[in-house]
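Here the structure comes first, spelled out in structure tokens, and everything after it is commentary.
In what follows, chains are A, B, ... by sequence order, proteins preceding strands, each numbered from 1. Just so it is clear, the structure is predicted and the values come from calculations on it, not from any experiment.
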4 protein chains.
Amino acid sequence: MVDGHGRGRPRSESARAAVLHAVDDLLVEVGYAALTMKGIAERAGVGRQTVYRWWSSKAEVLYEASVLDARQELSVPRSDDPRKDVEAYLDALVAFLARSHAGAAYRALMGEAQHDPDVAALLASRDILGESAADVVDAARAACGTALSSEQATALLIGPAFFHVLSGRDVDGIDTTALAEQFMRVLEAP
Amino acid sequence: MVDGHGRGRPRSESARAAVLHAVDDLLVEVGYAALTMKGIAERAGVGRQTVYRWWSSKAEVLYEASVLDARQELSVPRSDDPRKDVEAYLDALVAFLARSHAGAAYRALMGEAQHDPDVAALLASRDILGESAADVVDAARAACGTALSSEQATALLIGPAFFHVLSGRDVDGIDTTALAEQFMRVLEAP
Amino acid sequence: MVDGHGRGRPRSESARAAVLHAVDDLLVEVGYAALTMKGIAERAGVGRQTVYRWWSSKAEVLYEASVLDARQELSVPRSDDPRKDVEAYLDALVAFLARSHAGAAYRALMGEAQHDPDVAALLASRDILGESAADVVDAARAACGTALSSEQATALLIGPAFFHVLSGRDVDGIDTTALAEQFMRVLEAP
Amino acid sequence: MVDGHGRGRPRSESARAAVLHAVDDLLVEVGYAALTMKGIAERAGVGRQTVYRWWSSKAEVLYEASVLDARQELSVPRSDDPRKDVEAYLDALVAFLARSHAGAAYRALMGEAQHDPDVAALLASRDILGESAADVVDAARAACGTALSSEQATALLIGPAFFHVLSGRDVDGIDTTALAEQFMRVLEAP
DNA sequence: GTATAAGCGAGACGGTACGTCTTGTCTTGGC
DNA sequence: GCCAAGACAAGACGTACCGTCTCGCTTATAC
């Protein structure tokens, strides 16, 4: 009992992995609406109670399955040029939101959060987009000496692309170079 | 057969109104997730078939019931000062997205659109936010002689506030005056 | 609306028949313990709600499916000789309890009634065995001028065979001629 | 290894007693239908595996917990008057079947035996009712010089009361004096 | 005025996911 | 090797909603 899980059979790591794998597959195959706890359990070859024991909703499973991927996809290397970093980040953001597997999960959860307080709380527990942008935003703010708060700058950076994708506009119409330039212009204002 | 509906009993306007009224009430009372076609029909005192006859999903009913009202909430009077108009529009936008009844319906549908192509098509059939911003955006563009396209400017105007609200951030933290200024600064760039 | 079922789609007689047929088949195939509402519905090609709508438990379905058969199997023609009628009834009773399809259902329900008050009430609503014996019992009582009440005579007639079968004794060891003679001897007592 | 249990920790007598005690309590509190192996284990403060290790079903636990006690409830002292002994036995039988704690367990198992061959075999392994009646039946048979076999006489003695109780008839309506007289009359027949 | 036709409320239909429950087994650490 | 704890796969429970259907009734136009 070194790991504090008390007595009894320990949690099956293989069952956990099978569930997370299954939910990943199913999201692509059937979409979020047709994703069900029953379907996840059956696809994972796992009892339904086992899924309910560790996750309380399909949103929670999806969140755990995708959040790690999301953080990785949204991390971009830093360079000496803040403007270039901003543009690279915007490229990664658009790729994530519009084309990535994990991004589809994120959009589904963000959507669900609009009418389910539990999902909203889940997403709020980890501000995936905000965190991913924090480094590049702070570097740009420091370089420009702007008066904008970190939160204002983050919304300014992410907002336009976020709105573009979530409102269903054509993703190819996004000019990240221009977005980066606009962002820097605001930060450089006296 | 003056109105082209052929023979047979004409559609009941009172049933239509009862359904739209019921869906409005129910959204507030039980939320989008618990909104069901069955519940709408029962609340409206209407047969379920009658609801299905005219709308194919709860999203369609909600769209007709609430979202179309959004346009009036988002229309702001024009003045001679584009900057003031931009700020007034942003105030209306934030009030709509974060505090309005119709805005809650809009956010629910926008969320649903992230994983339901039918709802996405429904929302795409009329770009409510983009249309509402068109006048003020075009006026500002004309006044500043910017190189930004209408679509770029729209995303720049709406995006930050949109992201702020949909990502669950504190609504009171939105400074529309600052957002308007940032927007104008980008448009005024050489 | 002549038959009082009010408005709405009328009950499907084919669904009712399919359920009763299915429960009959399943009792034989899988036994009472493995009989489930889910199984009945699936076997009948019927929604589960449809079964629950008209019967509240597997016991009720089984009761409705078997009671008519039971009454028919237990009815014996009357003759002029009460002793012969008594013996004929006992033959029918033993055949029903020990060898009949409907009798298996009856024994299952009688067993369930020992620990389920709802099933007990269901069986009490129609005293199948008592009713079936009433004619022959009353005729014998009239012929003998006994002091035994109808209920006493019924228990005396049915009891020994009933106990023999339900306690798991060998059915072939039942001598209905002897049982009939014993019964008549008690009735003929001064 | 003097007591034949081989190596390893010996069976815990306290666990065994706790299980039997728990099943006794639970039968009264929740009834047979709601009695579960899980519930028994939890009530006894015992692992589920421990219950399964020594009994294979709730019927077996119940049998060991209650039904074996039945023998003492059904044993009546012998006198010189077979008729009085018969009546005393019938009084004990009715009290057991209809009012005793152990009798409730017996009726539950008898019922279960009607649709579960394992339970039927369990009950058949020891003919509790028949054994309890053997002495009084044999004494009466000897005193009367009847032609009835032991099995026939047993069914005649027990059957009417057994049927009366198990068919849900009013227990207070049983006249054991009359039943004893009827039984003796048949035995005394030429 | 009398068909004909379509809409209406009601509610049953077959289907299927929900979240909970019990089953019997398995896997820990502790005694 | 037994024990308590508790996770495991399996699958039934009874409820809810899905979208469709079938009723009798109502309300129109068309003949």
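- Recorded end-axis angle for the helix from dG1(E)-dC31(F) to dC31(E)-dG1(F) stands at 20°, based on five pairs per end and rounded to 10 degrees.
- In this structure, R53(A) and T50(A) have side chains that are in contact, with non-hydrogen atoms separated by less than 4.5 Å.
- Counting heavy atoms from C-beta on, the side chains of I40(B) and W55(B) never come closer than 4.5 Å.
- With contacts defined as side-chain heavy-atom distances shorter than 4.5 Å, the pair E64(B)/E60(B) does not qualify.
- As rounded to whole Å, 13 Å separates atom C1' of dC13(F) from atom CD of E42(C).
- To the nearest 0.5 Å, the span separating NZ on K38(C) from CZ on R48(C) amounts to 6.5 Å.
- Using a 4.0 Å cut-off, some side-chain N or O of T50(B) falls inside it from OP1 or OP2 of dG9(E).
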Atom pairs, N/O to N/O, protein against nucleotides 1-5 of chain E, distance under 3.5 Å?
unit_1, atom_1, unit_2, atom_2, d
dT4(E), O3', R7(B), NH2, 3.4

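- Summarising the geometry, the separation between CG on L26(C) and P on dA12(F) is reported as 12 Å, rounded to the nearest angstrom.
- Put simply, CG on D69(B) and OH on Y63(B) are 11.5 Å apart, with the number rounded to the nearest 0.5 Å.
- Atom CE of M37(C) and atom CD of Q49(C) lie 10.0 Å apart (nearest 0.5 Å).
- Of the possible donor and acceptor atoms, none in the side chain of Q114(C) sits under 3.5 Å from a partner among the backbone N and O of L109(D).
- Rounded to an integer number of Å, the gap from E13(C) CD to dC23(F) P is 13 Å.
- To the nearest 0.5 angstrom, E42(A) atom CD is 10.0 Å from L26(A) atom CG.
- The nearest pair of heavy atoms linking A105(D) to S66(D) is CB-CB, 3.6 Å.
- Side-chain proximity of P10(A) to the nucleotides dC8(E), dG9(E), dT28(E) is greatest for dT28(E).
- The distance from atom CH2 of W54(B) to atom C1' of dC8(E) is 11 Å, rounded to the nearest whole Å.
- Going from atom CG of L20(B) over to atom CZ of R16(B) covers 5.0 Å, rounded to the nearest 0.5 Å.
- Without hydrogens or angle criteria, H101(A) side chain to D24(A) main chain gives a donor-acceptor distance under 3.5 Å.
- The side chain to side chain contact (heavy atoms under 4.5 Å, CB included) search around A113(A) returns V119(A), A120(A), L123(A), not counting sequence neighbours.
- In terms of heavy-atom proximity, V30(C) sits nearest to A34(C) at O-CB, 3.6 Å.
- Between A44(B) and R11(C), the residue whose closest nucleotide on DNA chain E is further toward the 5' end is A44(B).
- The stretch residues 106-114 of chain A does not touch DNA chain E, since none of its heavy atoms comes less than 4.0 Å from the strand.
- Nucleotide dA4(F) holds its P atom 14 Å from the CD1 atom of I40(D), rounded to whole Å.
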Nucleotide N/O of nucleotides 17-19 of chain F paired with protein N/O under 3.5 Å:
unit_1, atom_1, unit_2, atom_2, d
dC18(F), OP1, M37(B), N, 3.2
dC18(F), OP2, M37(B), N, 3.4
dC18(F), OP2, K38(B), N, 3.0
dG19(F), OP2, Y52(B), OH, 2.7
dG19(F), N7, R48(B), NH2, 2.7
dG19(F), O6, R48(B), NH1, 3.3
dG19(F), O6, R48(B), NH2, 3.2

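- With respect to the salt-bridge test (charged N to carboxylate O, under 4.0 angstrom), the residues K58(C) and E112(C) do not qualify.
- By the 6.0 Å and 45° rule, R11(A) stacks over the aromatic ring of W54(A).
- Residues of residues 59-67 of chain B having a heavy atom closer than 4.0 Å to DNA chain F: none are found.
- Nearest approach of S100(B) to A102(B), heavy atoms of both residues: OG-N, 2.9 Å.
- dA16(F) atom C1' lies 12 Å from atom CZ of R53(C), rounded to whole Å.
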